[in-house]
Visitor: 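Okay, handing you the structure first.
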Amino acid sequence: MSADDPLVRVDGLQKYFWENDSVLDRLLGDDPVPVRAVDGVSFDIRPGETLGLVGESGCGKSTTGETVLRLQEPTDGDVAFDGSSVYDLEGKSLTEFRRNAQVVFQDPFSSLDPRMTIGGIVTQPLEIHDWPWTDADVESRAELRTDGISADIVSVTVADDVDKLVSPVDGVATVHVTVRSSDVAGDVDPDERGVAEAEGAVAEVAEDLSIDVERGDGIEVHVSVGRSTKQLRLDRARDLLERVGLSVDQLDRYPHEFSGGQRQRIGIARALALEPEFMVLDEPTSALDVSVQAQVLNLLNDLQTEFDLTYLLISHDLSVIRHVCDRVAVMYLGEIVEIGPVDELFEDPKHPYTRALLDSVPRASTDERDRERETLSGDVPSPRDPPSGCRFRTRCPKVIPPADLEIDQETFRELMTLRERVESRDISLETVGDEDEFDLEDGTVAAADADAFAMALKGRLLETELPPRHDGVVEDALASVAVGDWEEAAERLREEYESVCERRNPALEADDHPVACHLYDEEAGRREAPAPER
């Protein structure tokens with residue numbers, strides 16, 4: 001993989017959960033219903049980068065992260081890690097991927113086993129993956145440096161398994177040994193690991209290994225691991241706890257003895273145990289106090305630099321995303337709607353949904369008290385039956401009117417909301433008009449009262465005064481609703497007000513700042529809304 005290639009490439013990823021799919025449902029002939037949690041998501045993450053994944057709760061962010069890590073099996077699509085498809089991996093290749101890709105879960109209280117000590121939690125991945133690893137094909141070698149002693153009288157032997165602690169380069173694990181005259185070395189602590197003293201000579205090894213030196217006719221130096229597997233794992237756990245800001249004397253304590261922030265640090269230490277290249281951070285600060293959030297985020301930044309990590313950060317907190325990420329992907333109802341560099345996306349958001357998310361962030365400055373906000377109408381649609389075309393169209397304040405329709409966008413948004421309520425039959429007819437003004441029988445009114453009922457219903461549903469042409473269309477449709485012909489009403493409104501946003505799903509084109517929106521799609525016939533009719 002070249003430096004310009006992504007470490008993680010997600011291509012058309014889908015994850016559906018099926019309802020009515022049991023054996024009994026099949027026997028009864030019920031059709032399975034897909035819940036489209038993730039539906040055609042594509043993005044890249046470059047080495048050393050932090051990509052933020054944002055969106056409302058339930059949009060599929062966490063499911064995306066789990067499916068990327070193959071904690072969930074995909075319905076379709078592919079994820080490539082370091083050039084290899086994750087879903088084609090088996091055996092040793094899959095185990096290696098598990099080591100290189102780790103996760104920090106959202107809830108620090110449920111993600112740690114309450115029956116295990118902290119030492120057991122952090123060392124468990126090491127035990128599962130049989131760390132430390134050694135390879136019989138790796139050559140062990142020493143580079144010798146002497147000071148005050150002739151190199152001709154020094155011999156160095158290196159144990160075959162030092163690659164447990166020394167990363168091999170081109171199949172060779174190299175240790176760096178220095179042998180000094182005692183006069184040159186000065187005071188030496190004989191209990192210090194990696195240092196050994198013999199008559200007139202002191203030997204040191206730069207790596208975290210054990211060393212022995214014997215003085216006879218010459219000087220014999222032997223370098224080895226010098227510790228049991230259990231001790232190596234405990235040493236690594238202590239080192240990891242120190243790196244995440246915890247004390248090593250807490251190894252024998254249990255999760256309930258720690259605060260939320262401390263537990264999240266333990267989860268981070270566990271994720272780092274196997275020295276991964278890639279980590280999915282699933283809302284790592286959402287359960288923490290604001291001051292503790294800052295500490296954890298700064299810790300993650302420091303660890304990324306120290307360990308050369310690549311992050312997928314999942315969050316709904318836009319301030320966290322802006323503080324940590326290099327690029328941001330915005331997700332809505334299982335799809336990516338915009339991806340861009342973090343500063344560019346925050347300063348110049350393109351997609352109406354991204355603008356609405358950013359408008360929802362509280363501002364500290366009093367100068368912004370009177371700023372206009374793009375509020376969203378309606379509720380998030382169900383992933384069981386997502387809208388056709390652009391999935392955001394049911395709430396979008398910039399939904400595009402038909403090209404031949406002379407109407408302003410704000411009024412068109414109201415008409416689209418009315419259409420959706422008619423199509424879903426989400427209108428209560430019993431409360432229309434004054435008391436006893438209309439007689440409803442079986443939920444409908446008499447045909448003679450339909451027009452009056454439609455006018456009263458229109459006044460309750462619409463705040464905007466419509467131009468005459470559209471006023472007539474709406475009254476005709478609501479008159480059909482009054483007599484119970486909901487399908488006729490929906491069809492009348494659809495014929496008049498069908499938008500390009502519901503006919504075609506906008507594609508996320510390849511670009512430095514792509515956006516899936518017909519406002520930026522020349523084929524959709526982007527236009528400025530004309531002046532409203534009088």
Visitor: Side chains of T63 and Q72: donor-acceptor distance under 3.5 Å anywhere?
Guide: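 Note: T63 and Q72 side chains miss the donor-acceptor criterion.
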Visitor: Determine which pairs satisfy ring pair (Phe, Tyr, Trp, His ring centres under 6.0 Å) with at least one residue from residues 52-80, sequence neighbours left out, and list them in order.
Guide: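 Those involving residues 52-80 do not exist here.
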Visitor: Using modelled atom types and a 3.5 Å cut-off, is there a donor and acceptor pairing between side-chain atoms of Q262 and backbone atoms of S259?
Guide: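 Looks like yes, one N/O pair under 3.5 Å.
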Visitor: Give a yes or no answer on whether the side chain of R98 reaches the backbone of L69 with a donor-acceptor pair at less than 3.5 Å.
Guide: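 Such a contact is found between R98 side chain and L69 backbone.
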Visitor: For a quick check under 3.5 Å, do D107 and S110 share a side-chain donor-acceptor pair by atom type?
Guide: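 Result is yes, a qualifying pair exists.
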Visitor: Test E338 against T354 for side-chain hydrogen bond (donor to acceptor under 3.5 Å, both in side chains), laying out the working first.
Guide: CA-CA 8 Å; E338 184 171 1; T354 308; 2.7 Å; yes
Visitor: How about T117 and D252: does a side-chain donor come under 3.5 Å of a side-chain acceptor?
Guide: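 The criterion, which ignores hydrogens and geometry beyond distance, is not satisfied for D252 and T117.
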Visitor: Any donor-acceptor pair under 3.5 Å linking the side-chain atoms of D76 with those of Y16?
Guide: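 The criterion, which ignores hydrogens and geometry beyond distance, is not satisfied for D76 and Y16.
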Visitor: List the steps and the verdict of side-chain hydrogen bond (donor to acceptor under 3.5 Å, both in side chains) for D317 and S315.
Guide: CA-CA 5 Å; D317 190 331; S315 180; 5.5 Å; no
Visitor: Specify the closest pair of heavy atoms between G261 and L288, including all atoms of both residues, with the distance to one decimal.
Guide: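 The answer is N-CD2, 3.6 Å.
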Visitor: Measuring only between side-chain heavy atoms, which start at C-beta, is R141 closer than 4.5 Å to V175?
Guide: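 R141 does not reach V175 side chain to side chain.
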Visitor: So does E199 have more than 12 non-hydrogen atoms from other groups sitting under 6.0 Å from CD?
Guide: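 Check fails, neighbour count at 12 or below.
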Visitor: Count the heavy atoms belonging to other residues, nucleotides or ligands that lie under 6.0 Å from CZ of R215, then report whether that count exceeds 12.
Guide: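 Enclosed.
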Visitor: Given salt bridge (charged side-chain N to carboxylate O under 4.0 Å, His left out), test D359 with R355 step by step and report yes or no.
Guide: CA-CA 6 Å; D359 274 347; R355 292 178 196 150; over 6 Å; no
Visitor: Cut-off 3.5 Å, side chains only: do H176 and E204 have a donor facing an acceptor?
Guide: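 No pair is found: no donor N or O on one side chain lies under 3.5 Å from an acceptor on the other.
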Visitor: Whether the D249 and S247 side chains hold a donor-acceptor pair (N or O, under 3.5 Å, no angle test) is what I'd like checked.
Guide: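 Checked: D249/S247 side chains pair up, N/O donor to acceptor below 3.5 Å.
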Visitor: Stepwise, does the salt bridge (charged side-chain N to carboxylate O under 4.0 Å, His left out) test hold for R99 with E275?
Guide: CA-CA 8 Å; R99 292 199 298 261; E275 299 183 354; over 6 Å; no
Visitor: With distance as the sole criterion, is a donor-acceptor pair present between the side chains of N505 and E335 under 3.5 Å?
Guide: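 Yes, a side-chain donor-acceptor pair sits under 3.5 Å.
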Visitor: Checking E283 against H316: is there a side-chain donor and acceptor pair closer than 3.5 Å?
Guide: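 A donor-acceptor contact under 3.5 Å links the two side chains.
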Visitor: Quick check against the 3.5 Å criterion: does K15 have a side-chain atom that pairs as donor or acceptor with the backbone of T64?
Guide: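 No, the answer is negative, given that no donor and acceptor are paired below the 3.5 Å cut-off.
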Visitor: Charged N to carboxylate O below 4.0 Å: is that the case for D208 and R227?
Guide: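 Judged by the 4.0 Å cut-off on N to carboxylate O distance, D208 and R227 do form a salt bridge.
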Visitor: Please report the interatomic distance CG(D78) to CZ(R9), rounded to the nearest 0.5 Å.
Guide: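 One finds 10.5 Å between CG of D78 and CZ of R9.
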Visitor: Tell me, do Y311 and P284 make a side-chain contact under 4.5 Å, heavy atoms counted?
Guide: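 When only atoms from C-beta onward are counted, P284 and Y311 do not touch, as no gap falls below 4.5 Å.
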Visitor: Salt-bridge test for R327 and D512: reply yes if a basic N is under 4.0 Å from a carboxylate O, no otherwise.
Guide: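 Judged by the 4.0 Å cut-off on N to carboxylate O distance, R327 and D512 do not form a salt bridge.
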Visitor: Taking all atoms of both residues into account, what is the closest heavy-atom pair of Q231 and R238, and its distance?
Guide: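 Taking Q231 first and R238 second, the nearest heavy atoms are NE2-NH1, 3.6 Å.
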Visitor: Is the CD atom of E214 crowded by more than 12 outside heavy atoms at less than 6.0 Å?
Guide: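 Counting other residues, nucleotides and ligands, CD of E214 stays at 12 neighbours or fewer.
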Visitor: Is there a side-chain contact between F43 and I339 in this structure, where contact means two heavy atoms from C-beta onward sitting under 4.5 Å apart?
Guide: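 Yes. Closest side-chain heavy atoms under 4.5 Å.
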Visitor: Measuring centre to centre across the rings, with the benzene-like ring taken for any Trp, is H351 within less than 6.0 Å of F392?
Guide: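 Yes.
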Visitor: Within the structure provided, determine whether P255 and I118 are in side-chain contact (heavy-atom separation under 4.5 Å).
Guide: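 A side-chain contact under 4.5 Å exists here.
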Visitor: Can S140 and D160 be counted as having a side-chain donor-acceptor contact under 3.5 angstrom?
Guide: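 There is no such pair between these side chains.
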Visitor: Please work out which of the three classes, parallel, tilted or perpendicular, describes the rings of W131 and W133, given edges at 30° and 60°.
Guide: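 Answer is perpendicular, since the angle exceeds 60°.
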Visitor: Return yes if some donor-acceptor pair links the side-chain N/O of R180 with the main-chain N/O of I149 below 3.5 Å, else return no.
Guide: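 Absent.
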Visitor: Show your reasoning for whether side-chain hydrogen bond (donor to acceptor under 3.5 Å, both in side chains) applies to Q304 and T50.
Guide: CA-CA 9 Å; Q304 183 173 35; T50 299; 2.9 Å; yes
Visitor: List the steps, then state whether side chain to side chain contact (heavy atoms under 4.5 Å, CB included) holds for L241 with L251.
Guide: CA-CA 9 Å; L241 287 180; L251 278 173; 3.4 Å; yes
Visitor: Rounded to the nearest 0.5 Å, what separation is found between the CG atom of L309 and the CG atom of N301?
Guide: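 L309 atom CG to N301 atom CG measures 11.0 Å (nearest 0.5 Å).
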Visitor: If you draw a 6.0 Å radius around CD in E90, do more than 12 non-hydrogen atoms from other residues or ligands fall strictly inside?
Guide: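 Not buried by this count: 12 neighbours or fewer within 6.0 Å.
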Visitor: Can any side-chain N or O of N100 pair as donor or acceptor with the backbone N or O of E96 at less than 3.5 Å?
Guide: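 Confirmed, N100 side chain pairs with E96 backbone.
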Visitor: Would you say R46 and V8 make side-chain contact, with heavy atoms under 4.5 Å?
Guide: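 No, every pair of side-chain atoms sits at 4.5 Å or beyond.
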Visitor: Decide yes or no for L165 and E207: does some side-chain heavy atom of the first lie under 4.5 Å from some side-chain heavy atom of the second?
Guide: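 Heavy-atom side-chain distance check fails, nothing below 4.5 Å.
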Visitor: Here's one to test your reading of the geometry: is the NZ or CZ of R263 within 45 degrees of the ring axis of F258 and under 6.0 Å from its centre?
Guide: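 R263 over F258 ring: no.
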Visitor: Indicate the ring-plane relationship of F81 and F278, choosing parallel, tilted or perpendicular according to the 30° and 60° boundaries.
Guide: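 Rings of F81 and F278: tilted, as their planes differ by 30° to 60°.
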Visitor: Taking the side chain as every heavy atom from C-beta outward, state whether V177 and V221 have any atom pair closer than 4.5 Å.
Guide: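 V177 reaches V221 side chain to side chain.
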